[in-house]
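Single-structure report; data block below.
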Amino acid sequence: MSDFANDSDFRDRIPLSQQALAARGAPYLDELNAAQREAVEALDGPVLMLAGAGTGKTKALTTRIAHLLSTGRARPNEILSVTFTNKAAREMKNRVGRLLGQAVEGVPWLGTFHAICVKLLRRHAELVGLKTNFTILDTDDQVRLLKQLVVAAGIDEKRWPARQLAHVIDGWKNRAWTPDKVPAGEAGAFNHQGIEIYEQYQERLKTLNAVDFGDLLLHVVWIFQNHEDVLAQYQRWFKYILVDEYQDTNVAQYLWLRLLAQGHKNICCVGDDDQSIYGWRGAEVGNILRFEKDFPGAKVVRLEQNYRSTPHILAAASGVISANEGRLGKTLFTDLDEGEKVRLIGHWDGDEEARWIGEEIESMQRGTRGLEPFSLDTMAILVRASHQMRAFEDRFLTIGLPYRVIGGPRFYERMEIRDAMAYFRLAVSPENDLAFERIVNTPKRGLGDKAQQKIQMEARSNGVSLVEGAKILLATKGLTGKGAIELGKLVLGIERWHGLVQAGVSHIEIAEQALDESGYTEHWQNDKTPEAPGRLENLKELVKALESFENLQGFLEHVSLIMDNESDEGEEKVSIMTLHAAKGLEFPVVFLPGWEDGLFPSQRSMDESGLKGLEEERRLAYVGITRAEEVATISFAGNRMVYGQWQSQMPSRFIDELPADHVEVLTPPGLYGGGFGAASGGMTGGIQSTIHQKAAEADGYNSPGWKRLQSRSQKRGMSQPSEARNMVIDMSAISAFTVGERVFHQKFGYGAVTAIEGDKLDIAFDKAGDKKVVAKFITAAASAGDDVPF
DNA sequence: TGCACTCATATTTTT
DNA sequence: TATGAGTGCA
């Protein structure tokens with residue numbers, strides 16, 4: 001193990017204060033139930049922990065690590081624990097830390113598959129023809145690179161978009177296929193040139209000393225498969241392996257794990273086949289279903305006691321998921337009080353659904369229905385597809401209900417952040433061609449395609465980087481006029497920033513200078529689009545994020561793998577997110593709108609993957625329902641605007657799968673009764689019979705829920721839902737704005753006030769048209785330049 | 001080169 | 001509907 005001596009992650013050290021641990025004993029074991037304890041104490045040999053939703057799997061997993069350490073089975077750096085997201089990794093680190101207190105400095109090999117692979121690959125980069133300081137490309141860079149190759153291959157980029165090829169290649173990499181291993185059956189991919197371009201792409205990455213996300217795993221697996229000695233080292237080193245969310249592993253990750261686990265064979269995988277919802281990006285449920293075959297003698301422990309949801313919610317979820325075949329099978333149970341039945345309500349259209357949910361949220365916030373008031377933070381709306389969010393955003397903006405959208409473009413994926421990062425990258429290493437390409441003409445410097453081609457040619461014929469190429473081009477007067485002057489400034493700037501980096505100047509200062517001197521900040525200050533202020537805000541935020549790093553290098557290294565941005569502003573807000581984004585989260589109150597066939601289950605899923613697709617959709621339904629702790633409300637709309645066209649659809653088939661005993665139907669009879677269907681033409685017998693059947697089953701019309709619903713809507717007629725809040729805002733609203741005033745809104749941009757009505761303003765937005773908006777969300781339009789980030 | 005216009009297109013998303 | 005990409009013109 002001499003090779004490991006210089007690496008702090010492997011260095012032998014006295015990691016545990018044995019005294020501290022001895023004094024603590026193992027009190028954590030007492031906090032576990034029998035199954036959890038069994039899973040924690042089965043330290044040796046392969047273990048599969050089947051952990052249903054809300055059964056305390058993170059607790060079991062972290063306690064297991066604590067137990068391994070405190071029993072002296074392993075040192076902290078001999079335990080390999082992998083997760084899928086940084087968030088999960090962070091959470092586990094914190095919890096292990098809490099369990100062990102001062103006794104452990106940290107667990108260096110706890111991280112995402114990708115983060116751990118980066119560490120490994122940096123140590124062995126030369127084996128795959130890379131240098132230790134390789135850069136990691138994100139999806140955007142990947143596509144740009146592929147586009148160049150596609151165009152060079154003379155393929156019509158319109159019919160065969162690079163994005164699609166990126167997807168195909170990702171798929172291959174997920175299956176651990178290097179270009180020479182792609183099976184003949186795939187030869188037809190991407191106009192019969194997929195494999196060929198894949199090969200070129202890998203070559204190009206090598207020259208750029210770069211890898212994409214898929215490569216991180218692919219390269220490491222390749223090294224393990226082709227360098228026995230290297231593999232053997234790690235097999236010996238990692239005494240215990242733990243894997244979270246095993247049902248989400250793809251083939252490459254599976255191979256990686258299996259190779260590493262062949263040493264001590266102490267592998268513990270935690271997962272839930274019922275929560276496998278990432279099949280479309282390469283996850284193989286088969287991995288978890290097959291575990292016992294792969295690891296003979298494996299111990300299987302089922303965690304079935306749920307600590308999250310009420311029995312009704314659990315029963316509804318179980319009812320739905322039981323329609324799936326080929327499950328490992330678990331029966332969740334709970335000690336919690338019965339609670340409320342899962343509520344089901346149908347609406348005329350999507351807007352009304354949004355309106356109803358908005359009102360329902362406000363009433364729950366005030367604490368009606370004999371329940372305690374719920375804070376907005378405890379409520380979430382989970383949708384199948386992100387376009388469903390709009391209806392809610394529009395509605396909530398109108399009624400002034402604070403909300404937060406989770407997911408969507410990540411902070412580090414935003415254009416302005418990526419541009420800024422490219423400047424930072426160039427400051428650190430001017431030879432970074434991809435970064436240079438990104439910003440040569442951002443902001444506009446009069447360097448169009450032609451000028452850029454000249455730079456490329458110059459660089460290529462001299463075998464130097466683009467910055468060097470540009471210098472030669474300028475020196476030889478290959479470029480003249482405005483472009484030449486601007487390019488000169490840019491090149492000088494890059495060299496100056498690089499000098500500052502080498503001189504050890506404060507990285508924050510360098511960052512600010514680079515953004516200012518390059519004209520990038522100014523570019524957004526002069527931009528009149530509604531997004532511009534937000535983008536400047538983001539840039540400020542980025543510079544702030546720099547503060548927690550020693551230098552730019554460290555920051556860039558870190559950021560290429562961390563794509564999440566947890567900024568929780570203090571105010572209480574309702575969360576809106578997709579079902580996928582909700583996995584792993586829980587909320588006391590959950591709304592599940594849009595349960596209509598075609599939308600959920602998604603037509604496209606079913607068309608593309610047939611029964612497999614449908615089953616994955618069903619698991620998504622299961623994930624959705626099991627997010628709820630106390631109140632789950634499922635809803636559907638008879639009509640919905642899809643791509644600007646009204647469409648009618650049937651309620652989701654999953655609704656029929658809900659066990660009637662655990663469902664309370666809130667749908668008012670008048671809403672769907674009689675001639676409704678005939679009149680609209682959209683309501684088929686199927687809908688009505690479903691509703692009526694459900695209603696009859698649950699005795700819907702006489703149910704307490706329905707009565708409450710009625711009385712509540714009557715009450716609402718008399719008093720405004722958020723009167724108290726409006727009163728407060730009224731004052732400021734009236735004094736703050738005048739008709740005709742120019743104002744700004746985060747989402748709609750700039751506009752002029754046309755009318756004022758209490759705290760509601762009618763505003764004619766320049767871009768977004770006429771809207772009625774609550775004054776709270778409006779600020780006076782600042783003239784550009786007022787609010788300068790640096 | 002940059003702007004305005006037209007046209008096709010349209011899940012889920014982490015690293 | 002609304003967004004992005006591509007095309008044509010100044």
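Everything numeric in this text was worked out from a predicted model, so none of it was measured. Chain letters run A, B, ... following the sequence lines, proteins first and then strands; every chain starts at 1.
Taking a cutoff of 4.0 Å between a charged side-chain nitrogen and a carboxylate oxygen, K57(A) and D244(A) qualify as a salt bridge. Between R355(A) and D351(A) no salt bridge is recorded (no basic side-chain N to carboxylate O distance below 4.0 Å). Salt bridge status for R438(A) with D419(A): present, with a side-chain N to carboxylate O gap under 4.0 Å.
The nucleotide whose nearest atom lies closest to any side-chain atom of S386(A) is, among dT13(B), dT15(B), dT12(B), dT12(B). Comparing dT11(B), dT15(B), dT13(B) by their closest approach to the side chain of H580(A) singles out dT13(B). Of the candidate nucleotides dA2(C), dG6(C), dT13(B), dA2(C) has the atom lying nearest to any side-chain atom of R390(A). Comparing dT11(B), dT15(B), dT13(B) by their closest approach to the side chain of R604(A) singles out dT11(B). Among the nucleotides dG2(B), dT13(B), dT15(B), the one closest to any side-chain atom of H114(A) is dT15(B). When the nucleotides dT11(B), dT13(B), dT15(B) are ranked by their closest atom to the side chain of F213(A), dT15(B) comes out on top. Which of dG2(B), dT13(B), dT11(B) sits closest to the side chain of N441(A) comes down to dG2(B).
Taking the ring centroids of Y234(A) and H124(A), they lie under the 6.0 Å cut-off. Not less than 6.0 angstrom separates the ring centroid of F224(A) from the ring centroid of W222(A).
Test R327(A), R619(A), Q247(A) against D274(A) for side chain to side chain donor-acceptor pair (under 3.5 Å) and you get one pass: R327(A).
In this structure, R619(A) places its CZ atom 21 Å from P of dT11(B), rounding to the nearest Å. Atom CZ of R163(A) is separated from atom P of dG6(C) by 12 Å (rounded to the nearest Å). Between H387(A) atom NE2 and dT13(B) atom P the separation is 11 Å, expressed in whole Å. Straight-line distance from the CD atom of E245(A) to the P atom of dT13(B): 16 Å, rounded to whole Å. Remark: C1' of dT15(B) and CZ of R281(A) are 8 Å apart, rounded to the nearest angstrom. Computed from coordinates, the L121(A) CG to dT15(B) P distance equals 19 Å when rounded to whole Å. Counting to the nearest Å, the C1' atom of dT13(B) and the CG atom of D140(A) are 15 Å from each other. Look at CD on Q645(A): it is 15 Å from P on dA10(B), rounded to the nearest Å.
No more than 12 heavy atoms of other residues, nucleotides or ligands sit less than 6.0 Å from atom CD of E522(A).
Listed here is the closest heavy atom pair of R384(A) and F600(A): CD-CD1, 3.5 Å.
S602(A) comes within 4.0 angstrom of a nucleotide base, judged by non-hydrogen atoms across all strands. Heavy atoms of L599(A) sit nowhere under 4.0 angstrom from any nucleic acid atom. Nucleic acid contact class of E608(A) (heavy atoms, under 4.0 Å, all strands): base.
Residue T578(A) places at least one side-chain N or O closer than 4.0 Å to OP1 or OP2 of dT13(B). A close approach under 4.0 Å does not occur between any side-chain nitrogen or oxygen of Y278(A) and OP1 or OP2 of dT15(B).
At a cut-off of 3.5 angstrom, the base of dT11(B) holds no donor-acceptor pair with the side chain of R384(A).
Comparing K450(A) and G214(A), the nucleotide of DNA chain B nearest to each residue sits closer to the 5' end for K450(A). Position along DNA chain B of the nearest nucleotide to E617(A) versus T112(A) favours E617(A) as the more 5'-ward residue.
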Would you tabulate the pairs of protein nitrogen or oxygen atoms and nucleotide nitrogen or oxygen atoms of nucleotides 7-10 of chain C closer than 3.5 angstrom?
none

Pair Y622(A)-Q275(A), side-chain hydrogen bond (donor to acceptor under 3.5 Å, both in side chains): steps then yes or no: CA-CA 7 Å; Y622(A) 174 79; Q275(A) 292 189 65; 5.5 Å; no
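In this structure, the aromatic ring of Y643(A) is not positioned over the six-membered ring of the base of dT9(B) within 5.5 Å between centres and 30° between planes.
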